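What you are looking at is a predicted structure, and each value in this text was computed from that prediction instead of being measured. Computation of the quantities below employed the complete heavy-atom set of this structure, encompassing side-chain atoms and omitting hydrogens, waters and symmetry-equivalent molecules.
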Amino acid sequence: MNLIYKSTRNNNETATASEAILKGLADQGGLFVPTEIPKLDVPMTELAKMSYQDIAYEVMKLYLTDFTEEELRHCINSAYDKKFDTENIAELVKKDGAYYLELFHGATIAFKDMALSILPYLLTTSAKKNQVKNEIVILTATSGDTGKAALAGFADVPGTKIIVFYPKHGVSPIQEKQMVTQRGDNTYVIGIEGNFDDAQTGVKKMFSDPELAKEMDAAGFQFSSANSINIGRLVPQVVYYVYSYASLLARGEVAEGEKINVVVPTGNFGNILAASYAKQMGVPIEKLICASNENKVLFDFFTTGCYDRNREFILTSSPSMDILISSNLERLIYQTAGRDAEKNNEFMKSLAENGTYTITEDMKEQMKDFYGNYASEKETAEAIHDLYKKTGYVMDTHTAVASSVYGKYVKETGDTTKTVIASTASPYKFTRSVMNAIDASYDSQTDFQLVDELCKISGVKVPQAIEDIRSAAVLHDTVCETEDMCKEVKKILGI
């Protein structure tokens, strides 16, 4: 069966998987969604015996139906290899009654590696399948982690250029150093004077500019995206949740068919949407717990049914979640609105013009699998401190938001269902915030002194990604105003 993708904003716009991956964003700013969520066709007891790579194949073959087995296995095996510092690719660690799914064992020590290691292979395979002659320009906005993972994935990939915009004053020092020291003749990194939402809006604007598309085509270029708006980012994320359940089953931690809950620290809504897709595919997931930081637009949405971005943008210690426009939520809105592009358009138009929309009671009812809550900065720090004191395990700030929200959920509901918490970054990526949470006296030390202290207290080796940037030279120092983003892109492409 060939799975077709449709735009959330135009029911007449369809694409194959490879066309959707190549394009990144649909016309009129829409997102591509599969016409149906496929069901797993291999029993969980079989998946429990498989490697991460084989599980990835069994999941992804159902979504990327115009890829041959040979093409898809090549993409998977090229992505999930020695770039990861564990043979298992992801680790599931039990601490204080919850299972932490460590998704940060890749080259840039964040969960984005899981999808961005494979995207370049999916994209170049898609380009060949569709006889694309243009050079592909990956245009991406990042709140900290996507940028570096995308840069690492696409560096020196033939037939591509990658341009990453990030908020100059809205990422951690380690995140910034990772990006601005990136090597590769086809890599470009630009800081903007604004926040992540400004960067994301600027990128979306360029994607949906027909005049710019014409100019680029004439010069031999076309855009694609490495953000989670690209279905080629979203599909590999579904694998984590199939893999984590299969791992629990293999270890005898759950009985076949026993339900689990999943907690995801959430910004752009891609990772938790992937968990929802896994549930719809047949993974026995009960609750999807959506954890926000102080930018709690999603918590308010799941509580009231009203999405309202008209609020102060708060810079927190979990910057990858400092987002007020959660792009992937549009895919859920479209689905619960009966896959009606016109209805979805009304909501998105209202969001663009008034900064707010309110869903119907029927749509809200369809979202009852989701539970939303948030953690304050103080609660996030306490979660890091308390888990370390209790178990010696050190988690990063984003994972701590999820851990804190999980504690609130249990307290509120009394639900003791076994739970997987998505651990989305290594604590080494946010050393200052993490070490200050453990003991405020660490604050007088430099970033790299803190790295060495973290190694001492956690017993976890300093990742190569951090060693690499200790003395790396800054190669990218461009900073621009948000209104000049398009001008910078044209300058890079010489058009």
State which residues pass side chain to side chain donor-acceptor pair (under 3.5 Å) with E102; sequence neighbours excluded, sorted by chain then number. H105, Y393
Could you tell me how the ring of F370 sits relative to the ring of F302: parallel (under 30°), tilted (30 to 60°) or perpendicular (over 60°)? parallel
What's the separation between atom OG in S18 and atom CG in N130, rounded to the nearest 0.5 Å? 4.0 Å
What's the shortest heavy-atom distance between S317 and T397, and which atoms? O-OG1, 2.8 Å
What pair of heavy atoms forms the shortest contact from Y5 to T16, and how long is it? CD1-C, 4.0 Å
According to side chain to side chain donor-acceptor pair (under 3.5 Å), who are the partners of T146, at least two apart in sequence or on a separate chain? K112
Got a second to check how far T424's OG1 is from F111's CZ, nearest 0.5 Å? 6.0 Å
Quick test of your reading: applying ring pair (Phe, Tyr, Trp, His ring centres under 6.0 Å), list the pairs with at least one residue in residues 220-248, sequence neighbours left out, ordered by first then second residue. Y52-Y243, F207-F223
Shortest non-hydrogen contact from I229 toward S327: CG2-CB, 3.7 Å
Just checking, is any N or O donor in the side chain of K429 or Q175 under 3.5 Å from an acceptor N or O on the other one? no
Closest heavy-atom pair, V405 versus A375, reported as atoms and distance to 0.1 Å, is CG2-N, 4.0 Å
Report yes or no: is the cationic atom of R470 (NZ for Lys, CZ for Arg) under 6.0 Å from the centre of the six-membered ring of F448, at an angle within 45° of the ring normal? no
Salt bridge (charged side-chain N to carboxylate O under 4.0 Å, His left out) contacts in which one or both residues fall within residues 193-210, not counting sequence neighbours: none
Does this structure show an ion pair linking D41 with K61, if we count only N-O contacts that are shorter than 4.0 Å? yes
Do Q464 and D85 pass the side-chain contact (heavy atoms from CB on, under 4.5 Å) test, and can you show the C-alpha distance, the side-chain angles, and the key distance before you say yes or no? CA-CA 9 Å; Q464 195 54 45; D85 65 18; over 6 Å; no
Check ion pair K491-D484 (N to O, under 4.0 angstrom): no
Out of curiosity, S404 OG to M395 CE, how far, rounded to the nearest 0.5 Å? 8.0 Å
In plain terms, say whether D66 and K129 are close enough for a salt bridge, that is, a side-chain N and a carboxylate O under 4.0 Å apart. no
If you count heavy atoms of other groups shown closer than 6.0 angstrom to CG of D185, is the number above 12? no
Just jot down the side chain to side chain donor-acceptor pair (under 3.5 Å) partners of K83, sequence neighbours excluded, or say none. D81
What is the distance from atom CD of Q280 to atom CD of E36, rounded to the nearest 0.5 Å? 11.0 Å
Looking only at side-chain N and O atoms, does E135 offer a donor or acceptor that is under 3.5 Å from a partner on N186? no
Here the gap from L62 atom CG to K39 atom NZ, rounded to the nearest 0.5 Å, amounts to 11.5 Å
Would you tell me whether N295 and D322 have side-chain atoms, one donor and one acceptor, within less than 3.5 Å of each other? yes
Who pairs with Q53 by side chain to side chain contact (heavy atoms under 4.5 Å, CB included), at least two apart in sequence or on another chain? S51, I76, N77, Y80, I89
Between E71 and K128, is there a side-chain N and carboxylate O pair less than 4.0 Å apart? no
